[in-house]
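In what follows, a single structure is set out as structure tokens and then discussed.
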Amino acid sequence: FLKGDIMKEIPEMSVRGLAQVIRAGEISSVEVTEAFLRRIREVNPKLNAVVQVCADAALSEAARADRALAKGECFGPLHGVPMTLKDSFDSAGVVSAGGTLGRKDFVPVKDATVLSRLRKNGAILLGKTNTPEFTLMYETDNLVYGRTNNPYDLECSPGGSSGGAAAIVASGGSPFDVGSDYGGSLRYPAHCCGITSIKPTSGRVPRTGHILPFGGVLDSFQQVGPVAKRVEDLEYILPLITGPDWIDPSIVPMSLGESKNVDIRTLRVAFHTDNGVLPASEETAAAVHAAAKALENAGALVEEARPKGMEDSYEIMMGLLSADGGASIRRLLRESGTERHSIPWLGLASPMESAAFDALVMGWYGFRSSMLSFLENRDVILSPVNALPALPHGAVRDDLRAFSYTMAYNLTGWPVTGVRAGTSSSGLPIGVQIVARPWREDVSLAAAACVERGLGAFPPPAI
């Protein structure tokens, strides 16, 4: 490639590809960083996805990476590769508001664990991406920075809570981002914006330095993972952020397999388009069928089936989220110094009696057991990410039953990769989620990559 050709390709290059051309000296980290900063300037006025831009610091770090490379030094697999980060994570020296007014000027002195690990592997922080307050909504809007728009249709939401991350990655303003998922917050924005993400197994990636911290009865709900354009990028980044940090007490030193060692022909896949809570739209169902066909064509054994008890996922999830009457959220508001908030359901939450809470928790574990039994003779579950494509701004909260497809796997804590599998009649992306057994991210990623290959490239946003 000529240098001019590479420059044109930068916004669409894979993370691995960017790392390779930088290490090979075909293009400098400064040039790559400048290209992404230029793209952010082009699209962000329409999107409002990047809420803090670290241009000077990023260019300084890129120049340092180039000097090191000239001396034969390499910082790691991401040497000189820029990235963005969801604003729910702490970033030293950069305002980290997490969407709440009490932290609108908060500047951490220490990076969150995931950012620290990525920086140690050579990544460069371009900026922070928008999130709803404390990451607690499916639409990315808050009282500090306002709403983020979907790059496919500015009148639609990019989803939440990693909506800023998905919007800027889909628009070519960042090679990758890292977000969090408490009820679908990685998978839903990726679905809305036509890209890919992975929610790893509960206990895989530390949450240290995240505004919604580890701990509590619902600790296992939340996982941290990358957002990118391609499945191969997820697999490139994920190993760099996994494993204990000796702070988050839930993280397990479990080995991480490689998708290249997974034979698609050995996989037993179950798919469904109706979870018993809310059937998927006709176009969404068609995307799931297309993904199932791609796996079948690659040799997987595919059947239409859904786990028994999945119809209970919504009631269990919503019950658990409100069982403390909003006490945990009020604690976060106090700790952040926030007096005026934008969490609409907080005033509706009422504390649950102890006997009712005990019954709810036992119902949750019964659900987990039933779901696990379904996987005894299957390797993969394929389903919609959401019953519907991206919704207009403000419509997300009308019927949260559509989000029960993602909620189910926060209840189980299993790994799930989201990947695009279709397009709605109005031109909006449609994603599917590919679920694997606990700790088998390699299987989920392999199946997602198979779907990606089988269905081919989809048109990027015209923004």
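Heavy atoms only: backbone and side chains are in, while hydrogens, waters and symmetry mates are out. Being a predicted model, the structure only gives us computed values, none of them experimental.
Taking all atoms of both residues into account, the shortest heavy-atom contact from G319 to M352 is O-CE, 4.0 Å. The shortest heavy-atom contact between A270 and A305 is CB-O, 3.8 Å. Taking both residues in full, the closest heavy atoms of P189 and S162 are given as CB-O, 3.5 Å, listed atom of the first, atom of the second, then distance. Of all the heavy atoms in A387 and L278, the pair that sits closest is CB-CD2, 3.9 Å. Across every non-hydrogen atom of V269 and A300, the tightest pair is CG2-CB, 4.1 Å. The shortest heavy-atom contact between L47 and A167 is CD1-O, 3.9 Å.
Listed by chain and number, the residues in a salt bridge (charged side-chain N to carboxylate O under 4.0 Å, His left out) with R378 are E303 (sequence neighbours excluded). D399 pairs by the salt bridge (charged side-chain N to carboxylate O under 4.0 Å, His left out) definition with R401, not counting sequence neighbours. When the salt bridge (charged side-chain N to carboxylate O under 4.0 Å, His left out) test is applied to D248, the partners found at least two apart in sequence or on another chain are R207. Partners of D358 according to the salt bridge (charged side-chain N to carboxylate O under 4.0 Å, His left out) rule, which considers only residues two or more places apart in sequence or in another chain, do not exist here.
Residues in residues 251-271 take part in these salt bridge (charged side-chain N to carboxylate O under 4.0 Å, His left out) pairs, two or more places apart or across chains: E258-K260, D263-R265, R268-D379. Residue pairs meeting the ring pair (Phe, Tyr, Trp, His ring centres under 6.0 Å) criterion with at least one partner in residues 196-216, sequence neighbours excluded, are F89-H210. Within the structure, the side-chain hydrogen bond (donor to acceptor under 3.5 Å, both in side chains) test picks out the following pairs touching residues 232-243 (sequence neighbours left out): E235-S259. For residues 283-318, every residue pair satisfying the ring pair (Phe, Tyr, Trp, His ring centres under 6.0 Å) rule, not counting sequence neighbours, is listed here: F271-H289. Sorted by first and then second residue, the pairs that involve residues 189-199 and meet side-chain hydrogen bond (donor to acceptor under 3.5 Å, both in side chains), not counting sequence neighbours, are K199-Q223. Under the ring pair (Phe, Tyr, Trp, His ring centres under 6.0 Å) criterion, no residue pair touches residues 243-270, with sequence neighbours excluded. The side-chain hydrogen bond (donor to acceptor under 3.5 Å, both in side chains) analysis of residues 413-424, with sequence neighbours excluded, yields the pairs Y152-R420, T417-S444, R420-T423, S424-S426. Screening residues 251-270 for ring pair (Phe, Tyr, Trp, His ring centres under 6.0 Å), with sequence neighbours left out, gives no hits.
Put simply, the side chain of L238 reaches to within 4.5 Å of the side chain of P200, judged on heavy atoms. You'll find the side chain of D90 stays beyond 4.5 Å of the side chain of L115, heavy atoms only. The shortest side-chain heavy-atom distance between I241 and L118 falls under the 4.5 Å cut-off. Side-chain contact between T284 and Y405 is absent, with no heavy atoms from C-beta onward closer than 4.5 Å. Counting heavy atoms from C-beta outward, V205 and V114 have side chains that approach closer than 4.5 Å. The shortest side-chain heavy-atom distance between E133 and L332 does not fall under the 4.5 Å cut-off. Here the side chains of L267 and L295 are not in contact, with every heavy-atom distance at 4.5 Å or above. Residues L375 and V435 have side chains not in contact (no heavy-atom distance under 4.5 Å, counting atoms from C-beta outward).
A salt bridge links K128 and D87; the closest N-O separation between the charged side-chain nitrogens and carboxylate oxygens is under 4.0 Å.
No side-chain donor-acceptor contact under 3.5 Å links Q433 and T406. Side-chain N/O atoms of S91 and S96 include a donor and acceptor closer than 3.5 Å. Counting only N and O atoms by type, the side chains of D181 and N410 include a donor and acceptor under 3.5 Å apart. There is no side-chain donor-acceptor pair under 3.5 Å between T140 and T148.
Of the possible donor and acceptor atoms, none in the side chain of T338 sits under 3.5 Å from a partner among the backbone N and O of R340. Under a 3.5 Å cut-off, the side chain of N48 and the backbone N or O of Y145 do form a donor-acceptor pair. Judged by distance alone, the side chain of E452 and the main-chain N or O of V419 form no donor-acceptor pair under 3.5 Å. With hydrogens and angles ignored, the 3.5 Å screen pairs a side-chain donor or acceptor of S313 with a backbone N or O of M310. A donor-acceptor contact shorter than 3.5 Å is absent between the side chain of S369 and the backbone of Y365. Panel note: side chain H393, backbone L154; a donor-acceptor pair is recorded below 3.5 Å. Side-chain atoms of R306 come within 3.5 Å of backbone N or O of D274 as a donor-acceptor pair. Remark: side-chain polar atoms of R330 are paired, donor with acceptor, to backbone N or O of G325 under 3.5 angstrom. Distance alone, capped at 3.5 Å, places no donor-acceptor pair between the E311 side chain and the V277 backbone.
At most 12 non-hydrogen atoms from other residues, nucleotides or ligands lie less than 6.0 angstrom from CD of E315.
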Does the side-chain contact (heavy atoms from CB on, under 4.5 Å) test come out yes or no for F106 and T100, once each step is laid out?
-> CA-CA 10 Å; F106 173 63; T100 194; over 6 Å; no

Applying side-chain contact (heavy atoms from CB on, under 4.5 Å), run through L186 and I198 and close with a yes or a no.
-> CA-CA 7 Å; L186 282 162; I198 184 168; over 6 Å; no

Check the pair D111, K120 against salt bridge (Lys or Arg N to Asp or Glu O under 4.0 Å), reporting the backbone distance first and the verdict last.
-> CA-CA 11 Å; D111 285 336; K120 285 176 182 176; over 6 Å; no

Applying side-chain contact (heavy atoms from CB on, under 4.5 Å), run through L101 and E339 and close with a yes or a no.
-> CA-CA 8 Å; L101 285 170; E339 296 179 359; over 6 Å; no

Go through S161 and K86 one step at a time and tell me if the side-chain contact (heavy atoms from CB on, under 4.5 Å) criterion holds.
-> CA-CA 9 Å; S161 62; K86 187 177 180 179; 2.6 Å; yes

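With values rounded to the nearest 0.5 angstrom, F134 atom CZ is found 11.0 Å from N142 atom CG. Distance check: I211 CD1 to S336 OG gives 5.0 Å after rounding to the nearest 0.5 Å.
Taking the six-membered ring where tryptophan is involved, the planes of F403 and Y138 are essentially parallel, since the angle between them stays under 30° and well short of 60°.
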